[in-house]
Each structure stands twice: as C-alpha cells, then as structure tokens.
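Before any comments, here is the structure.
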Amino acid sequence: MEFTAEMIASYLGGTVVGDPQTTVSTFAKIEEGHAGALSFLANPKYEHYIYDTQSSIVIVNASFEPQHPVQATLIKVEDAYGSFAKLLELYAAHKPRKTGISQRAEISPDARLGQNCYVGAFAVIEAGAVIGDNVCIYPHTYVGDGVQIGDNTTLYAGVKVYEGCRIGANVIIHAGAVIGADGFGFAPNEAGEYSKIPQIGNVVIEDNVEIGANTCVDRATMGSTRIHRGVKLDNLIQIGHNVVVGEHTVCASQVGIAGTSKIGSHCMLGGQVGVAGHLTIGDRVQLASKSGISNNVPDGATYFGYPALPISHSHRVNAVVRNLPELSQTVYRLEKQMAALLAKEEEDRKA
C-alpha cells in the first residue's frame with residue numbers, strides 16, 4: 001500500500017514540509033534510503049545523511065532546521081523516534097498472521113486451545129495446558145504440563161516452557177528462549193559433592209512482556225520467579241530462580257541476575273550487567289553496561305563500574321585510574337627527592 005505525506009502527518013499529528021502528495025510504500029534507514037521509502041532522523045549525529053538520502057519522506061523532530069537543502073519531504077513531529085516506532089507498529093499489525101494447527105503438531109487431548117490459534121509443525125503441547133485466543137506457537141516449541149498462556153501471545157520457534165509456568169496476554173517470546181528450567185540450586189554434602197535441591201516452584205510472566213532469543217528464566221525453588229507486566233528482556237539474558245523483575249524494566253543483552261534478587265520498576269540495565277544474589281535494586285535505577293552490582297541500590301540511583309559505584313563517584317575513580325602511570329612516576333620522583341633530603345639532613349647532623 002502507498003501512503004502520502006499528508007496521510008502520515010495526519011496520523012502522527014505532524015506538519016509536512018515539502019510536497020504533501022509524496023508517496024511511500026516501505027521503510028528504510030536514512031543512510032540506505034531510496035525512492036518510495038520512509039525514514040526518520042532523531043539522533044543529531046546522523047544529520048549529515050538527510051542531505052543526501054534518497055528516501056522520499058523523512059520524519060524529523062519539530063525542532064529540526066536543515067543547514068543545507070533537503071530533497072526529501074519532511075514530516076515534523078514532537079518525537080521522531082517515537083512516531084517512527086508508531087508507524088512500524090501499525091505496519092507490523094497489518095502483516096498476514098499465521099493460522100491453523102499443523103497435522104505434525106502433537107497436542108494432548110487434555111490441553112485446551114482457544115480460538116484462532118496457530119500451532120506449527122513439531123510443536124508439543126502437554127496435558128493440562130490452557131492456551132488463550134489468538135495465540136501463535138511456532139514450530140518445534142514445547143509447552144509443558146499445566147502451562148497457562150494468555151490471549152494474543154506469541155512463542156517463536158524452539159521456545160521451551162516447562163511445566164506449571166504461567167504466561168500472560170500479549171507476550172512475545174523469541175526463538176530458543178527457555179522458561180522454567182531448574183534454578184541453580186545445589187548444596188554441598190558430607191562427601192564433598194553437591195546434592196541437587198529440587199526446584200518445585202514456577203515462572204510467572206505477566207502481560208505485555210517481551211523476552212529475547214535464547215534468554216533463560218529459571219523456575220523458583222519454591223514460589224515463583226516473576227517477570228512483571230511491561231518488562232522487556234533482550235537476547236541472551238539469565239534470570240535466576242526466585243528473581244522478581246518490576247514493571248516496565250528493560251534489560252539489554254547478556255544481563256545476569258542471580259537468584260532471589262529483586263529488581264524495581266522502570267529500571268534500565270545495560271548490556272552485561274551482573275547482579276549478585278539476594279540484592280534489592282530500587283525503582284527507576286539505571287545500571288550502566290558491564291557494571292557489577294554487589295550491594296543494594298536505592299531508588300533513582302545511577303551506578304557504574306566493577307564493583308559498581310554511584311556514577312559521579314565512579315567517574316572520579318576512573319579519572320584517577322587513567323592517571324595512575326603519571327601518578328606512579330610522580331610518587332617515584334618524590335621518594336627520590338625525600339631520600340636525598342633525608343640523606344643531606346643526616347650528613348648535616350653528623351657534621
């Protein structure tokens with residue numbers, strides 16, 4: 001389908017600068033733009049692309065004022081990135097949806113499926129599972145005994161959901177993710193070996209959560225590992241047993257959260273952040289990439305480093321560390337000067 005700049009601006013509540021009848025039928029990055037494509041510019045460091053882009057329409061912030069001529073028609077909005085995301089959501093919502101139950105799927109007669117579900121080839125749904133309406137279960141996915149899945153949820157290929165776990169509505173779980181594997185629970189015994197502690201809890205994933213590819217959320221030893229509504233987890237993340245992740249928290253790739261820690265709501269965890277076990281991270285906390293968290297973090301704090309410190313303190317520490325070679329040389333010179341002064345003082349005393 002083709003859309004004019006005028007139609008898009010009306011949908012976004014924006015203003016057209018250029019030809020309102022310019023049409024687009026696809027999306028492209030601004031640096032890879034071509035005729036008939038829609039792009040956006042939000043980050044100032046990409047501004048130079050707008051003067052050469054071949055995209056027909058570019059969405060920009062209302063404050064943007066070009067420094068050189070621009071061939072594309074512009075649509076000015078309050079938030080270019082958010083507006084572009086809104087258009088992508090609209091586009092995704094109109095993509096054809098898979099339907100039907102594959103004859104090569106294995107579904108227990110004791111499982112319940114809602115209306116308009118899709119179940120792909122070689123998917124397995126065990127006894128007692130309850131699947132809501134409009135759920136998509138892609139090929140090679142496993143849904144264990146007694147699992148509950150809410151309406152409009154999608155499990156992509158190869159997802160594994162162990163027995164007794166509960167997944168809410170409008171959840172997206174990407175390929176290869178494992179929900180409800182045993183938590184890492186072992187106790188040393190008298191023989192110097194480790195005995196497995198049975199993990200008899202489950203995982204509860206609330207509504208509107210998205211979980212990335214190959215991410216693992218371990219089941220609780222007792223009770224539930226809980227991912228609250230609106231949480232977004234990137235690929236390759238490890239969530240330990242009995243962890244609680246608060247509402248609308250986001251975690252980038254390779255975050256690891258050890259058992260029984262509690263993460264607040266509206267937090268942001270950068271890539272490769274590690275959180276030790278049994279900690280409490282407050283609400284609205286930001287943990288910068290590669291930070292190692294070994295103590296509780298209060299509400300609203302921003303931490304960085306390994307071990308992590310309040311970010312202003314961490315920057316001061318890093319400034320000192322960067323200057324250590326020069327500081328070392330300074331200390332060495334001062335030591336020599338001090339030794340010379342002490343030697344002279346000793347000579348003067350003997351004289």
(Q) Between V285 and V297, is there a side-chain heavy-atom distance shorter than 4.5 Å? (A) yes
Q. Would you say the side chain of L287 lies within less than 4.5 Å of the side chain of M268, judging by non-hydrogen atoms?
A. no
Q. Taking D133 for the side chain and Q115 for the main chain, is one N or O donor matched with an acceptor at less than 3.5 Å?
A. yes
Q.
Are Y11 and L90 packed together at the side-chain level, in the sense that at least one heavy-atom pair is separated by less than 4.5 angstrom?
A. yes
(Q) Looking at Q199 and I197, would you say the former's side chain and the latter's main chain have a donor-acceptor pair under 3.5 Å? (A) yes
Q. Is there side-chain contact between R316 and V320, with at least one heavy-atom pair below 4.5 Å?
A. no
Q: With rounding to the nearest 0.5 Å, note down the distance linking CD1 in I239 to SG in C216.
A: 10.0 Å
(Q) Test your reading of the model: is there a side-chain donor-acceptor pair from S56 to the backbone of G36, 3.5 Å cut-off? (A) yes
Q | Polar side-chain atom of N134 near backbone of N152 as donor-acceptor pair, under 3.5 Å | A | no
Q: Could you tell me which non-hydrogen atom of G132 sits nearest to which non-hydrogen atom of D151, and how far apart they are?
A: CA-OD1, 3.3 Å
Q. Backbone N or O of G120 within a donor-acceptor pair of the S102 side chain at under 3.5 Å?
A. no
(Q) Between S195 and N189, do the side chains contain a donor N or O and an acceptor N or O under 3.5 Å apart? (A) yes
Q. Is there a side-chain contact between V178 and Y162 (heavy atoms, below 4.5 Å)?
A. yes
Q. With the 4.5 Å side-chain cut-off for hydrophobic clustering, are I167 and I172 part of the same group?
A. no
Q: Return each pair, listed once, that meets ring pair (Phe, Tyr, Trp, His ring centres under 6.0 Å) where at least one residue sits in residues 242-272; pairs must be two or more places apart or across chains.
A: H248-H266
**Q.** Donor + acceptor pair across side chains of N202, S224 (<3.5 Å)
**A.** yes
Q) Using 4.0 Å as the upper bound for N to carboxylate O, is an ion pair formed by R349 and E346? A) yes
Q) Heavy atoms, side chains only, cut-off 4.5 Å: are V243 and T260 in contact? A) no
Q.
I'd like to know if the side chain of T53 reaches the main chain of S55, judged simply by a donor and an acceptor atom lying under 3.5 Å from each other, with no hydrogens or angles considered.
A. yes
Q | Contact summary for G270 and V255, nearest pair of heavy atoms | A | O-CG2, 3.2 Å
Q) Got a donor-acceptor contact below 3.5 angstrom from the K76 side chain to the F64 backbone? A) yes
Q: Could you pull out the closest heavy-atom pair between T215 and D234, with the gap in Å?
A: OG1-O, 2.7 Å
Q: Indicate the atoms forming the closest heavy-atom contact of A220 with H241, along with that distance.
A: CA-CB, 4.1 Å
Q: Evaluate ring pair (Phe, Tyr, Trp, His ring centres under 6.0 Å) for F27 paired with F84, printing each intermediate quantity in order.
A: CA-CA 10 Å; F27 298 90; F84 194 76; 5.4 Å; yes
Q) For D218 and Q238, does a side-chain donor sit closer than 3.5 Å to a side-chain acceptor? A) yes
(Q) Can you confirm whether T154 sits close enough to I137 that some side-chain heavy atom of one is under 4.5 Å from a side-chain heavy atom of the other? (A) no
Q) Any chain of hydrophobic side-chain contacts (each under 4.5 Å) joining V275 to V244? A) no
(Q) With a 3.5 Å distance limit and no angle check, can you tell me whether S261 reaches the backbone of L279 through a side-chain donor-acceptor pair? (A) yes
Q) Counting only N and O atoms by type, is there a donor-acceptor contact under 3.5 Å from the side chain of E31 to the main-chain atoms of K29? A) no
Which pairs would a plain distance check flag for residues 325-335, meaning a side-chain donor or acceptor within less than 3.5 Å of a matching protein atom at least two apart in sequence or in another chain?
from	atom 1	to	atom 2	distance (Å)
T330	OG1	E326	O	3.0
T330	OG1	R333	NH2	3.4

(Q) Are more than 12 heavy atoms, taken from residues, nucleotides or ligands other than E106, located less than 6.0 Å from that residue's CD atom? (A) no
Q.
To the closest 0.5 Å, what do you measure between CD (Q71) and CD1 (I50)?
A. 11.5 Å
Q: List for me each residue that meets side chain to side chain donor-acceptor pair (under 3.5 Å) alongside D348, sequence neighbours excluded, and say none if there are none.
A: K344
(Q) When you measure from the side chain of D207 to the backbone of A169, do you find a donor-acceptor pair of N or O atoms at a distance under 3.5 Å? (A) yes
Q: Rounded to the nearest 0.5 Å, what's the gap from NZ on K98 to SG on C136? Could you check?
A: 9.0 Å
Q: Kindly determine whether L38 and L87 satisfy side-chain contact (heavy atoms from CB on, under 4.5 Å), including the steps that lead there.
A: CA-CA 10 Å; L38 173 69; L87 290 175; 3.5 Å; yes
Q: Answer yes or no: is there an ion pair linking R166 with E206, defined by an N-O contact shorter than 4.0 Å?
A: no
(Q) Could you tell me if the side chain of I281 sits less than 4.5 Å from the side chain of I257, heavy atoms only? (A) no
Q. Going by atom types alone, do Y142 and E126 pair a side-chain donor with an acceptor below 3.5 Å?
A. yes
Q | Parallel, tilted or perpendicular, as decided by the 30° and 60° cut-offs, for the rings of F186 and F184 | A | perpendicular
Q: Look at the aromatic rings of Y118 and Y138 and report parallel, tilted or perpendicular, splitting at 30° and 60°.
A: perpendicular
Q. Atom CG in D110, atom CG in D145: separation rounded to 0.5 Å?
A. 9.5 Å
Q: May I ask you to check if K290 and F304 form a cation-pi contact, with NZ or CZ under 6.0 angstrom from the six-membered ring centre and within 45° of the axis?
A: no
Q: Assess the side chains of Q54 and H34: does a donor N or O sit below 3.5 Å from an acceptor N or O?
A: no
